[in-house]
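Any value given below was found using the heavy atoms of this structure, including those in side chains, with hydrogens, waters and symmetry copies removed. Residue numbers start at 1 and run along the sequence shown.
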Amino acid sequence: MSRQKITPAELPATLHAITSDVYQVHIPLPFLLNRVNVYLVRGERGWTILDTGLHHPPALEVWHGVFDALAITPNQIEQIVLTHIHPDHYGLAGWLQAFAPDADVRLSPVERDQARLYWRENGDWISAIRAQLHQHDTPDDLIHAIIDGIDHTRQMTFPHPVRETVIDPGETVRIGDRHCQAIHAPGHADGQLIFFDEGDGLLFSGDHVLNKITPNIGLWSTGDPHPLTRYLASLRALRDLPVRLALPGHKTLIENWSGRIDELLAHHAARLTHIQDAAAKRRGHGGISGYETARALFDFERLTTHEMRFAIMEALAHLEYLCAHGELQREISGGQVRYQSI
């Protein structure tokens with residue numbers, strides 16, 4: 001395809017050239033975390049879109065501006081690749097496929113199945129989350145607000161893709177003209193894939209490793225029962241990957257891959273210690289609930305409802321990690337779960 005030279009001065013503020021063939025696009029989000037990084041990669045056969053943003057008017061405005069700036073027409077979009085199906089990465093996949101009807105949406109088998117459960121079928125998942133929040137002592141009014149928020153976000157994932165193909169972990173995936181290894185990177189999302197171009201040391205890291213903020217590692221009743229165990233194991237396994245530059249789903253580019261992983265490992269070690277201390281204070285007084293743990297970990301009153309949901313699920317992931325490693329004991333009475341120091 002044509003490789004028209006575009007200078008940085010000609011690009012809109014939401015579009016940034018990373019290399020001669022890779023562009024980062026800042027797609028606005030209606031949350032406190034107010035943008036997601038998605039990527040466009042140019043190749044001889046066409047453009048690859050990697051992750052998408054949510055379906056709401058400001059995001060559509062940015063995409064139209066980007067297509068105009070890079071002179072991209074629908075027939076030039078070869079494929080839409082997703083690292084995972086959290087709505088800020090998946091929500092515009094169907095809209096983009098409708099714009100470029102020859103482009104397959106490509107994602108891992110786990111994420112394909114979870115997209116159907118969470119965003120298409122929805123009912124059973126919502127019921128399970130409501131029950132989970134209740135079981136862990138979340139107030140009824142907050143549960144109601146959280147469920148309303150999930151449903152509102154779900155509306156921003158329509159239309160859904162009509163054609164999907166799977167990428168298996170370990171597969172070599174052509175992204176533009178780059179040959180990238182698809183690496184399973186669980187924890188933040190059960191089936192998340194990150195894509196490593198070893199020849200260039202370039203990694204599309206999704207939400208697995210982020211600068212400035214830590215990825216949310218949450219325990220969802222319909223997902224992996226041990227997300228933090230898998231996340232920490234994945235970080236350790238990937239620490240020495242020869243990454244020159246990582247392109248994350250949020251915040252800034254990662255130039256010190258192993259150093260940032262060390263920081264994330266230390267962060268979770270400190271969080272686990274904090275939880276152990278909070279549980280120890282409740283020894284002999286009924287233990288601590290997931291909701292109480294979230295309040296102990298975070299400045300809870302300053303969080304939005306959207307953030308409170310993630311805070312509770314993050315607390316549960318850490319509590320269950322400590323149970324699995326013999327540091328806490330889970331007790332269930334009258335349908336309520338509490339955690340006791342051993």
Assess whether atom NE2 of H226 is packed by more than 12 heavy atoms of other residues, nucleotides or ligands within 6.0 Å. no
Is the count of non-hydrogen atoms from other residues, nucleotides or ligands lying under 6.0 Å from E61 atom CD greater than 12? no
Should we say atom CD of Q155 is surrounded by more than 12 heavy atoms from elsewhere, each under 6.0 Å from it? yes
Would you name the heavy atoms of A279 and L328 that are closest together and state the gap between them? CB-CD2, 3.7 Å
Within the distance-only criterion (no hydrogens, no angle test), does the side chain of E314 pair as donor or acceptor with the backbone N or O of I217 below 3.5 angstrom? yes
Using modelled atom types only, decide if a donor and an acceptor are shared between the side chain of R282 and the backbone of Y339 within a distance under 3.5 Å. no
Mutual orientation of the aromatic rings belonging to W119 and W125 [parallel < 30°, tilted 30-60°, perpendicular > 60°]: perpendicular
Looking at every non-hydrogen atom in both residues, tell me the closest pair between S221 and I129 and how far apart they are. OG-CD1, 3.9 Å
Could you tell me if the ring centre of H188 sits under 6.0 Å from that of H86? yes
Aromatic contact between H64 and W95, with the criterion being ring centroids under 6.0 Å apart: yes or no? yes
Please tell me whether H208 and H84 form a close aromatic pair, meaning their ring centres lie under 6.0 Å apart. no
For E263, is there an ion pair with R260 - N to carboxylate O distance below 4.0 angstrom? yes
Between T157 and T153, is there a donor-acceptor pair closer than 3.5 Å when you use the side chain of the first and the backbone of the second? no
Could you give me the CA-CA distance, side-chain angles and deciding distance for I167 and L193, then say whether side chain to side chain contact (heavy atoms under 4.5 Å, CB included) is met? CA-CA 9 Å; I167 299 171; L193 295 176; 3.8 Å; yes
For H250, which of N211, D88, N37 qualifies under side chain to side chain donor-acceptor pair (under 3.5 Å)? D88
SB check R330 E320 (cutoff 4.0 Å): yes
Looking only at non-hydrogen atoms, find the nearest pair between L202 and F196 and report the distance. O-CD1, 3.5 Å
Side chains of V38 and I49 in contact at under 4.5 Å (non-hydrogen atoms): no
Q181, CD atom: more than 12 neighbouring heavy atoms under 6.0 Å: yes
Sequence neighbours left out, what passes salt bridge (charged side-chain N to carboxylate O under 4.0 Å, His left out) with E164? Give chain and number order. R116, R120
Going by the angle between their ring planes, with limits at 30° and 60°, are Y39 and F204 parallel, tilted or perpendicular? perpendicular
Counting heavy atoms not belonging to H267, are there more than 12 under 6.0 Å from its NE2? yes
What is the distance from atom OG1 of T304 to atom CG of L32, rounded to the nearest 0.5 Å? 6.5 Å
Would you please classify the geometry between the F99 ring and the F67 ring as parallel, tilted or perpendicular, with 30° and 60° separating the classes? parallel
So which atom in I80 and which in A93 form the shortest heavy-atom distance, rounded to 0.1 Å? CD1-O, 4.1 Å
Has H134 got more than 12 heavy atoms of other residues, nucleotides or ligands less than 6.0 Å from its NE2? no
Which heavy atom of I27 sits nearest to which heavy atom of T52, and what is that distance? CG1-O, 4.1 Å
Dump the intermediate steps for side chain to side chain contact (heavy atoms under 4.5 Å, CB included) on T293 and L297, then the final yes or no. CA-CA 6 Å; T293 302; L297 282 176; 4.3 Å; yes
Does I85 form a side chain to side chain contact (heavy atoms under 4.5 Å, CB included) with E111? I'd like the steps, not just the answer. CA-CA 6 Å; I85 58 85; E111 294 298 288; 3.2 Å; yes
F310 ring center within less than 6.0 Å of F298 ring center: no
Could you please spell out the steps behind the side chain to side chain contact (heavy atoms under 4.5 Å, CB included) verdict for T48 and R174? CA-CA 9 Å; T48 293; R174 185 175 50 76; 5.9 Å; no
Work out which heavy atom in G287 is nearest to a heavy atom in R338; give both atom names and the distance. O-NH2, 2.9 Å
Do D51 and V36 have side chains that approach each other closer than 4.5 Å (heavy atoms only, starting at C-beta)? no
Could you check whether the rings of H268 and H318 sit parallel, tilted or perpendicular, using 30° and 60° as the cut-offs? parallel
Going by the rule salt bridge (charged side-chain N to carboxylate O under 4.0 Å, His left out), which residues pair with D140 if we only count those two or more places apart in sequence or in a different chain? none
Does one hydrophobic cluster hold both I175 and W47, with members joined at side-chain heavy-atom distances below 4.5 Å? no
Within a radius of less than 6.0 Å around CZ of R163, do more than 12 heavy atoms belonging to other residues, nucleotides or ligands occur? yes
